[in-house]
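Here the structure comes first, spelled out in structure tokens, and everything after it is commentary.
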There are 2 protein chains.
Amino acid sequence: MAFTAKGRATRQRIIEGAAGYLRSDDPGNVTLDDIRAATSTSKSQLFHYFPNGKEELLLAVAQYESDRVLADQQPFLGSLDSWDAWEQWRRVVIGRYRAQGPRCPLAALIGQVSTVPGAADVTASLLRRWQEHLRRGILAMQESGEVAPHVDADRTAAAFVAGTQGGVIVLRSTGDTFHLEAVLDALISHLRGGGPARPAAE
Amino acid sequence: MAFTAKGRATRQRIIEGAAGYLRSDDPGNVTLDDIRAATSTSKSQLFHYFPNGKEELLLAVAQYESDRVLADQQPFLGSLDSWDAWEQWRRVVIGRYRAQGPRCPLAALIGQVSTVPGAADVTASLLRRWQEHLRRGILAMQESGEVAPHVDADRTAAAFVAGTQGGVIVLRSTGDTFHLEAVLDALISHLRGGGPARPAAE
DNA sequence: CGCGGTTTGGACTTGAGGGTCCAAAACCGA
DNA sequence: TCGGTTTTGGACCCTCAAGTCCAAACCGCG
């Protein structure tokens, strides 16, 4: 089972080719033949590099795609330490998803392998990393006094994650970013405005 | 093609049976045989009542389920005219989805028929009705002076829709309602706190 | 050059599942 | 009761796609 350099290159080519295929035109159901065609490989190669078949292959692609999701939000996501950075981040997120349109390769993938146990892990891990970046950003803002100290950073980060996800979901069925923008604006403004449930006697 | 009373009853039994089956244990892929088993019908009945086959059947089930989504949030969703109503609504939503757990019959359905054109319509229609209820609620709150008049009701309603969707999505992969609660709290508190981007010179 | 391995091509098998069809049963109005 | 219509059962067909397998090509190495 030791792959040579050539072997590893082929494996990678399969993953990237499959990812590209998924990103191109909405492919209701992906078949191994589609992937074969998109990557100019043979059936035996697919099973050679992914012995557990389609499941394993799609999971690898999902992993690959999920890394891109966060990478695409950099460098802003990594240093949300000023209101300007937050605005930039918002811009990048909206731009990215507007460009992507109703197609979401990751969602499509997860949909196809939702039955296998590993799929949930990929999603969960992505969400966790995403949320962690946001949490750090909020903490940084608190340290520099731009966000009120009583804000629960983790919970607010969770709200951002949920909001973004929801915006993207809605985008998938409506095709426009109105909801995504609305929820991001609401949450950022909420963050600016001093956090949850200010005591009445403030 | 005119169904008698008995026929209509059978058709309905199929829809409800299929919905029940989808709601029960996570059924990766639904097959007509699954539905047959779950509803004690024969193949010919399925095609008799849904001439376009699986597609049409699942779409009908999706429609049925999507009506339930809103019905489950009543009566609160229909009269969000006090902070108390909003809190009750929040409670009901969270309770419903907590009970549902990571399974989302509607999402599962849409996933299966995402290729057929009608599927997007079912989702879009559901989201539109949902948002409209929220919008009315916000307007009512503005009329009674509980929400600042400069809040954009439609946009804020959109933020709620996106947030809720996202919370549910995250719930699907983590299994708990932390994110859903966080985003709902953030948005409600945002609403209470005076809305988006208050002019600096207020 | 020959010998181990890895890599590749592609024909073949297999099974699942959607959809068709016909005939039997039940139903209903006259 | 009778004839037409609706409803139901279930055997059958047919396609599509995952997975298997074997042999050929390739590649490095002594």
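Each chain gets a letter, A, B and so on, in the order the sequences are listed, and its residues count up from 1.
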**Asked** Given the rule in the salt bridge (charged side-chain N to carboxylate O under 4.0 Å, His left out) test, do A:Asp67 and A:Arg129 qualify, once you have shown the distances and angles that lead to the verdict?
**Response** CA-CA 10 Å; A:Asp67 288 341; A:Arg129 283 181 289 159; 3.3 Å; yes
Does [N] have its OP1 or OP2 closer than 4.0 Å to a side-chain nitrogen or oxygen of [X]?
| X | N | answer |
| --- | --- | --- |
| A:Thr10 | C:dT8 | yes |
| B:Ser42 | D:dT8 | no |
| A:Thr4 | D:dC27 | no |

**Item:** Output field: ring centroids B:His48/B:Phe3 closer than 6.0 Å
**Value:** yes
**Prompt:** Counting N and O atoms only, with roles assigned by atom type, does the side chain of B:Gln74 sit under 3.5 Å from a partner on the main chain of B:Gly78, one being a donor and the other an acceptor?
**Reply:** yes
**Audit row: B:Glu87, B:Arg91, salt bridge (charged side-chain N to carboxylate O under 4.0 Å, His left out) steps and yes/no** = CA-CA 6 Å; B:Glu87 288 302 331; B:Arg91 241 182 9 83; over 6 Å; no
**Request:** Compute whether any side-chain donor of one residue and acceptor of the other, for B:Gln131 and A:His179, lie under 3.5 angstrom apart.
**Result:** yes
Roughly, in whole Å, what's the span from [atom1] in [X] to [atom2] in [N]?
| X | N | atom1 | atom2 | value |
| --- | --- | --- | --- | --- |
| B:Phe3 | D:dT7 | CZ | P | 6 Å |
| A:Arg11 | C:dT8 | CZ | P | 13 Å |
| B:Tyr49 | C:dG18 | OH | C1' | 20 Å |
| B:Gln45 | C:dA23 | CD | P | 19 Å |
| B:Arg36 | C:dG19 | CZ | C1' | 13 Å |
| B:Leu46 | D:dT7 | CG | C1' | 13 Å |

**Request:** Over 60° means perpendicular and under 30° means parallel, so classify the ring planes of A:Trp86 and A:Trp83, tilted if in between.
**Result:** tilted
**Message:** Counting primed atoms plus P, OP1 and OP2 as sugar-phosphate and everything else as base, spell out the protein contacts along nucleotides 14-26 of chain D at 4.0 Å heavy-atom distance: B, S or - for each nucleotide, 5' to 3'.
**Reply:** ---SBBBB-----
